[in-house]
Amino acid sequence: MNKLKIMFIEDDEDAQELFIGVVDVFNRKNQQHNLKVEYKIAADPVEASDIIDSSYDGAIIDLKLDDDDEAGNRIVKDLYETFTRIPIIFVTAFADLVNDHPSVIKTRRREDGTYESDLQLFQQIQDTGLTRIIGNRGVIEQQLREVFLKNLLPQIETWISYGETYKETDPDRTEKALLRHALNHLYQLLEDNERYFPEEVYLHPPMLDKITTGSMVKANNQWFVVLSPACDLVIREDGKYNTDCILFAEIERVKDALDGSKSKGKVTELCTNKHTYRHWLPKTDFFEGGVLNFRKLASLNKDDFDKKFGKPIIQISPFFIKDIISRFSSYYARQGQPDIDKTAINDFITRYTT
């Protein structure tokens, strides 16, 4: 049976009884769907901190506990600082006083909804697989444990030697290398040729502020993609790139790329990347979509680039930027061949068709 594990943090006994009753009804309704809500109730922040962890699929929290007006906000802050990864719903009479935080997916007043709707939202999130992947009992944690025990620890003497070698000049080098190495093991789990969703094309917002290959930037309502090779964008000890200019290409609006055409064939050709010099970028909630045009290139030195664009807004994910760079390189590497005399071609056709 699938379990939905919820933490309920509330000091009002009437609210606790109401929540328990709602869970009982919810479980009876969903028995045929093989789903059961399990829960723990905490009445104060200390009790909550002793119980809650990333094994939960969600938490419902009241803002004020034990006459502490900021208790709920502090619980969220503590969860974040202890790397506890769960979605949170606030149910409180003081919704306006709840601090904004990425973990808080919903804030409502008691009269503006029901605990049943809150449970349904947590169920929808669980159905995406998010809490099963990211939580401490999730797939990533399990796989990292296996990588740690089977792949990294058995090679630890080698990594120690690397650490000793670079201890003075680059003390963080082995740590970064081990992170890459662990991620490469995780990537193996994904090599199953699944069809990707549009959001997987992008990293938004980017984890890094620096410009890298595939960084998407915007100026005057126009989007661009950085196409400089990764080796050119390595920052040297003097703080400068390995290149004097950053190369980038314009993202056209789809209607401009189609040039007014509404032909199904042309639209299909565009979004399946049949064009040699165009690459389709799908629409998401945070990006309106467009078509990268390899013919519309420009370059700027680092200072002018930073002045014009600032930090990257979106990063194209590694799985997709490799294909874009490959197509970009192929487009400019193509040579074709000189035309052969038409008479020779006609003679050839006649010889092998008659």
Next on the checklist: One pair to check against side-chain contact (heavy atoms from CB on, under 4.5 Å): R110 and Y115. What are the steps and the verdict?
Outcome noted: CA-CA 9 Å; R110 299 184 187 281; Y115 290 128; 3.6 Å; yes
From I89, V37, I86, D127, residue fulfilling side-chain contact (heavy atoms from CB on, under 4.5 Å) relative to F122: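 Among I89, V37, I86, D127, the one meeting side-chain contact (heavy atoms from CB on, under 4.5 Å) with F122 is I89.
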Any chance [atom1] of [X] has more than 12 other-residue heavy atoms, nucleotides or ligands included, within less than 6.0 Å?
X: E288; atom1: CD; answer: yes
X: D67; atom1: CG; answer: no
X: K40; atom1: NZ; answer: no
X: F286; atom1: CZ; answer: yes
X: D341; atom1: CG; answer: yes
X: E157; atom1: CD; answer: no

Are F224 and L203 connected in a single hydrophobic cluster, I mean Ile/Leu/Val/Met/Phe/Trp/Tyr linked by side-chain heavy atoms less than 4.5 Å apart?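 No, separate clusters.
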Between E200 and S317, do the side chains contain an N or O donor and an N or O acceptor separated by less than 3.5 Å? no
Item to check | Between T84 and T82: side-chain donor-acceptor atoms closer than 3.5 Å | outcome: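 Their side chains do contain a donor-acceptor pair, which is all the 3.5 Å distance test asks for.
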Sub-3.5 Å donor-acceptor pair from the side chain of [X] to the main-chain atoms of [Y], do we have one?
X: N346; Y: K342; answer: yes
X: N151; Y: A182; answer: no
X: E111; Y: A93; answer: no

Aromatic plane relationship, [Y] with [X] - under 30° parallel, 30 to 60° tilted, over 60° perpendicular:
X: H181; Y: H185; value: perpendicular
X: Y162; Y: W159; value: perpendicular
X: F319; Y: Y196; value: tilted

Practice item. Please confirm whether R327 makes a cation-pi placement over Y331, using NZ or CZ under 6.0 Å from the six-membered ring centre and within 45° of the ring normal. Key: no
Quick check on the 6.0 Å ring-centre criterion: do F8 and Y39 meet it?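 Ring centroids of F8 and Y39 are no less than 6.0 Å from each other.
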Of H275, K264, K274, the one forming a side chain to side chain donor-acceptor pair (under 3.5 Å) with E269 is H275
Report task. Would you please test L35 and Q123 for side-chain contact (heavy atoms from CB on, under 4.5 Å) and show each step? Result -> CA-CA 9 Å; L35 174 67; Q123 180 188 352; 3.4 Å; yes
If you apply the rule side-chain contact (heavy atoms from CB on, under 4.5 Å), what do you find for D69 with K64, and how did you get there?
CA-CA 5 Å; D69 294 350; K64 296 189 176 184; 3.4 Å; yes
Notebook entry, point to check: Can you tell me how far the NE2 atom of H279 sits from the CD1 atom of I321, to the nearest 0.5 Å?
Noted result: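 Nearest 0.5 Å value for the NE2-CD1 distance: 8.0 Å.
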